[in-house]
Amino acid sequence: MPIIGTDPENIDLAEDRKLFGALLDRLGIPSPPNGSAISVEEACAVARRLGYPVLIDRFLEDAIEVDVDALADTED
């Protein structure tokens, strides 16, 4: 099926934190320190590297993300 708009590779680049961070590094664009982990030990190591306080988000494996864009005019 043809996709109109942003191609899937660029969507993945924007959504994947590691890929996006690497892109920012290549372009010389500063970003806040960050990290990701798949175990408690890795999470603790990232937190020690970043310094406290840290906020932690859980990745939802089977979640569905929906983005909605809407336009309206002044008629009706």
Side-chain angles (χ1 to χ4, degrees):
M1 170 181 294
I3 295 181
I4 299 171
T6 305
D7 62 79
E9 293 81 19
N10 287 328
I11 293 171
D12 188 46
L13 176 65
E15 294 289 331
D16 184 297
R17 291 180 184 200
K18 288 183 181 180
L19 291 175
F20 189 70
L23 173 65
L24 294 178
D25 289 343
R26 276 197 316 275
L27 296 174
I29 298 172
S31 64
N34 61 78
S36 59
I38 59 171
S39 70
V40 171
E41 294 78 19
E42 288 179 5
C44 289
V46 170
R48 282 191 297 273
R49 179 174 57 82
L50 298 178
Y52 290 91
V54 295
L55 298 173
I56 299 174
D57 296 326
R58 181 178 195 161
F59 179 77
L60 302 175
E61 196 70 40
D62 294 322
I64 296 173
E65 180 177 336
V66 178
D67 293 317
V68 177
D69 295 322
L71 296 174
D73 61 20
T74 57
E75 302 294 321
D76 298 317

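Since we're looking at a predicted model, the values are computed, not measured. If you read the sequence from its start, that first residue is 1, and numbering goes on from there.
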Nearest heavy atoms of S36 and V46, plus distance in Å: O-CG2, 3.8 Å
ILVMFWY cluster, I4 and I11 together (side-chain gap under 4.5 Å): no
Nearest atoms (heavy-atom pairs only) where R49 meets N34: NH2-O, 2.9 Å
side-chain contact (heavy atoms from CB on, under 4.5 Å), paired with R26, selected from I29, L24, L23: L23
Pairing residues for D7 by the side-chain hydrogen bond (donor to acceptor under 3.5 Å, both in side chains) criterion, not counting sequence neighbours: N10
Closest approach of D12 to L19 (non-hydrogen atoms, all atoms of both residues): OD2-CD1, 3.7 Å
Smallest separation among heavy atoms of Y52 and A47, with atom names: OH-CB, 3.4 Å
Whether E42 side chain and I38 backbone form a donor-acceptor pair below 3.5 Å: yes
Taking every non-hydrogen atom, the tightest pair across A43 and A37: N-CB, 3.2 Å
Least distance between heavy atoms, G35 atom then L50 atom: N-CD1, 4.3 Å
